[in-house]
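Report on the following structure.
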Amino acid sequence: MDIFEIEGPVRLEGEIEVAGSKNSTLPIMAAMILPGGVSTIPNAPYLADIASFETLLESMGARVERTADGALQIDSGPLDRPVGDYDIVRKIRASICILGPLLARFGKARVSMPGGCAIGDRPVDIHLRGLRALGARIHLEQGYIVAEAPAGGLVGTQIFLGGPFGTTVLGTDNVMMAAVLAKGTTVIESAACEPEVADLANCLNAMGAKISGIGSPRLVIEGVRHLNPVSYSVIGDRIEAGTFMAAAAITRGCLRIRNCPIHQMLAVTDRLRHIGLTVEEGPGECTVRYEGQLLPADITTQPYPGFPTDLQAQFMALLALAKGNSVITEKIFPDRFMHVAELNRMAAHLRKEGSSVIVEGVEKLIGAPVMASDLRASAALVLAGMAAHGLTTVQRVYHIDRGYEKIEEKLNRVGAKIKRLAV
Ligand code: EPU
């Protein structure tokens with residue numbers, strides 16, 4: 001198992017490149033089940049989660065490979081086993097979004113029910129409610145979701161996907177992918193508006209689907225009889241980009257971030273400017289520069305276009321060094337605070353109160369051995385380690401490899417001192 005040894009403090013400066021979006025690539029890989037045939041994603045990132053999803057598709061009979069130029073190629077023609085096995089689904093929760101496409105293409109699916117994870121319970125009740133509304137019969141059998149379409153196939157209808165927390169990203173994906181081949185028109189109300197959902201919808205339209213209202217909470221889907229394989233490039237990863245923005249800020253440095261979906265990051269750049277950073281925007285890129293101060297800021301995570309929960313931990317690490325007190329409130333996953341105790345081991349002053357954390361800014365963080373608990377929490381620990389005085393050792397680095405492509409190599413090229421060690 002790898003660990004990171006991080007020497008700090010460092011000041012980051014230079015250019016850094018953002019990879020294709022993980023959370024676009026995963027559902028788009030699921031969408032490639034739909035047409036049968038060879039589809040490609042030219043810019044799919046190299047990540048552990050993507051590799052797990054490849055294994056899932058292969059376990060169902062698809063052929064998956066990386067071409068010589070790095071594109072991810074999926075041949076779903078031979079896919080003939082509409083089953084998501086427990087051993088793979090438990091490793092990657094996004095596996096749940098094979099349910100909609102399998103049901104649409106095969107009229108049946110058997111997918112392991114995902115369990116909870118470090119960031120919360122993560123139920124899938126709304127996914128199932130949406131699929132049932134399209135006519136699917138669904139029951140649970142030995143931990144598996146067993147779904148079957150009615151004899152004549154799924155039928156379009158009006159579906160409400162809201163809940164007490166807002167809406168659901170992968171739930172919207174699942175229902176949308178089932179509805180594209182359903183008979184008649186489906187209207188999804190309270191659909192997730194995240195750019196990754198819009199990316200999936202655009203990919204489905206490139207396959208021949210008829211989806212309108214993309215990017216809005218009301219998606220209208222006219223069912224079509226069949227879809228065609230495609231080659232589709234995903235958007236840049238706004239969470240990786242936001243992590244690099246926080247890295248520039250916490251190290252009091254300056255980073256030019258390329259392939260940055262800056263127009264999808266208004267809530268993030270708003271908070272950065274409030275904290276005292278300069279953010280210069282260019283086409284597909286931005287430059288974040290420290291200007292001699294880190295001011296406190298209150299942050300509340302919300303569905304898009306609000307501040308993303310996937311950057312909450314990284315901004316907590318940053319605000320731990322601000323001059324004053326900040327309040328961070330988590331509205332998407334109220335228990336997503338495993339990083340709080342670890343950051344406190346590095347001399348941060350963080351106090352959890354319900355689904356908020358009071359961040360009392362300190363002058364400096366001090367290196368310490370810490371444990372990564374989930375993907376974004378581990379990114380926060382890497383950021384803190386680069387700013388902290390002395391040596392920080394991050395255990396369980398496999399969490400970060402799930403969602404960041406060669407993060408230590410990218411950060412080391414702009415001034416970080418991170419060693420990956422196999423222990
Ligand atoms: N929820 C329900 N019932 C459902 C579905 C969701 O109660 O049927 C609740 C969840 O418990 C949560 C809220 O709804 O409180 C929102 O969850 P959502 O379904 O939107 O999350 P997700 O689709 O499972 C995706 C991302 C997450 C990201 C969230 C929120 C992927 C592969 N995952 O998860 O990304 O945090 O949306 O934006 O796209 C990450 O990349 O680190 C990550 C966790």
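This is a predicted model, so every value here is computed, not measured. Both counts, for ligands and for their atoms, begin at 1 and track the order of listing. The first residue in the sequence is number 1, and the count goes up from there.
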Item to check | Donor-acceptor contact present, side-chain R336 to main-chain A377, <3.5 Å | outcome: no

Next on the checklist: Between T25 and A44 (side chain of the first, backbone of the second, donor and acceptor by atom type, cut-off under 3.5 Å), is there such a pair?
Outcome noted: no

Next on the checklist: Given 3.5 Å as the limit, does a donor-acceptor pair link the side chain of S112 with the main chain of G84, or not?
Outcome noted: no

Item to check | Main-chain N/O of A368 paired with R345 side-chain donor or acceptor, under 3.5 Å | outcome: no

Next on the checklist: Going by the rule side-chain contact (heavy atoms from CB on, under 4.5 Å), which residues pair with Q142 if we only count those two or more places apart in sequence or in a different chain?
Outcome noted: none

Item to check | Residue contacts for ligand 1, heavy atom to ligand atom, distance under 4.0 Å | outcome: K22, N23, A94, I119, R122, P123, V124, D125, I126, H127, F165, T167, T168, V169, L170, T309, D310, I332, F333, R336, L375, R376

Item to check | Contact check, side chains of M245 and I262, non-hydrogen atoms, under 4.5 Å | outcome: yes

